[in-house]
Amino acid sequence: EVQLVESGGGLVQAGGSLRLSCAASGFTFDDYAIGWFRQAPGKEREGVSCISSSDGSTYYADSVKGRFTISSDNAKNTVYLKMNSLKPEDTAVYYCAATPSIRTMWRELDYYGMDYWGKGTLVTVSS
């Protein structure tokens, strides 16, 4: 059974930092791309960042470039999202998602291209 479990969300002041974790199980981690997506109240889910566990290639949404860093620890089957310089507009539920690296939609941060999803973790940035 595929499982993606997010952790690390919480309440932080604007300008602060958080690190989200996504622990994966039930599939061959090295063959998959893992991504972070977010959904704010009343808004559509959007892609934040993705990483290929096989070659380490990364992709970021323009809104988070230079502030967020995605990384992967293949020994622990875990992907991290370090979020710095947080802004109130970063407030959302953050979801971890996975799809085989051989597919291509994950490079576009397109959530339709993801096959498996976690339940999400809430990030709230206060002004």
Side-chain angles (χ1 to χ4, degrees):
E1 179 189 6
V2 173
Q3 282 194 320
L4 297 168
V5 180
E6 304 96 335
S7 61
L11 174 64
V12 64
Q13 288 189 330
S17 299
L18 282 175
R19 190 181 78 158
L20 305 183
S21 299
C22 173
S25 61
F27 57 90
T28 305
F29 189 82
D30 291 359
D31 294 338
Y32 273 66
I34 310 292
W36 288 97
F37 297 76
R38 67 186 181 186
Q39 189 164 19
K43 294 190 176 181
E44 191 173 337
R45 191 170 297 190
E46 63 174 352
V48 176
S49 182
C50 285
I51 185 169
S52 167
S53 299
S54 59
D55 64 15
S57 55
T58 58
Y59 299 83
Y60 294 93
D62 288 342
S63 59
V64 306
K65 280 181 183 176
R67 300 190 298 123
F68 292 9
T69 303
I70 193 169
S71 61
S72 177
D73 186 337
N74 288 28
K76 295 182 178 180
N77 285 7
T78 300
V79 169
Y80 304 97
L81 185 70
K82 182 65 187 301
M83 306 185 294
N84 296 326
S85 303
L86 282 161
K87 304 175 182 180
E89 51 263 43
D90 294 317
T91 295
V93 177
Y94 283 70
Y95 298 90
C96 175
T99 191
S101 298
I102 196 170
R103 299 184 181 171
T104 59
M105 290 180 70
W106 63 271
R107 296 186 177 91
E108 306 293 330
L109 301 182
D110 188 337
Y111 63 83
Y112 284 111
M114 310 307 286
D115 294 295
Y116 304 108
W117 290 86
K119 294 182 179 181
T121 185
L122 177 63
V123 172
T124 304
V125 184
S126 63
S127 57

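Along the sequence shown, the residues carry numbers beginning at 1.
When atom types are taken as modelled, the side chain of S49 and the backbone of Y59 share a donor-acceptor pair closer than 3.5 angstrom. A donor-acceptor distance shorter than 3.5 angstrom exists from the side chain of S101 to the backbone of A33, with no hydrogens or angles considered. Here the side chain of E6 pairs no donor or acceptor atom with the backbone of T121 at under 3.5 angstrom. Judged by distance alone, the side chain of T58 and the main-chain N or O of I51 form no donor-acceptor pair under 3.5 Å. Put simply, the side chain of Y80 never gets that close to the backbone of T69: no donor and acceptor are under 3.5 Å apart.
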Please assess V123 against L20 for the test side-chain contact (heavy atoms from CB on, under 4.5 Å), listing each intermediate value before the final yes or no.
-> CA-CA 9 Å; V123 172; L20 305 183; 4.0 Å; yes
side-chain contact (heavy atoms from CB on, under 4.5 Å) evaluation trace for C96 with Y116 | CA-CA 8 Å; C96 175; Y116 304 108; over 6 Å; no
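Expressed to the nearest 0.5 Å, how far CD of Q39 lies from CD of E44 amounts to 8.0 Å. To the nearest 0.5 Å, the span separating CE on M114 from CG on L109 amounts to 9.0 Å. Summarising the geometry, atom CG belonging to L11 is positioned 5.0 Å from atom OG belonging to S126; distances are rounded to the nearest 0.5 Å. Rounded to the nearest 0.5 Å, atoms OG (S63) and CZ (F68) are 7.5 Å apart.
Of the charged side-chain nitrogens involved, none lies within less than 4.0 Å of a carboxylate oxygen, so that D90 and K87 do not count as a salt-bridged pair.
Shown here for L4 and C22, the closest heavy-atom pair between the two residues is CD2-SG, 3.9 Å. Among all heavy-atom pairs drawn from T91 and V125, the shortest one is OG1-N, 2.9 Å. Looking at every heavy atom in both residues, S52 comes nearest to W106 through CB-CH2, 3.6 Å. Across every non-hydrogen atom of V64 and V48, the tightest pair is CG2-O, 3.6 Å. When all heavy atoms of F29 and T78 are compared, the pair lying nearest together is CZ-N, 3.7 Å. Between D115 and P100, the shortest heavy-atom contact is OD2-CD, 3.2 Å.
Applying the side chain to side chain donor-acceptor pair (under 3.5 Å) test to pairs two or more places apart or on separate chains, those with a residue in residues 21-37 are D30-N74.
For the pair K82/S17, a side-chain contact is recorded, criterion being any heavy-atom separation below 4.5 Å from C-beta on. Between R45 and W117 there is a side-chain heavy-atom pair separated by less than 4.5 Å.
Residues satisfying the side chain to side chain donor-acceptor pair (under 3.5 Å) criterion with Y94, sequence neighbours excluded, are R38.
In the hydrophobic cluster analysis, where Ile, Leu, Val, Met, Phe, Trp and Tyr join through side-chain heavy atoms closer than 4.5 angstrom, V2 is grouped apart from Y112.
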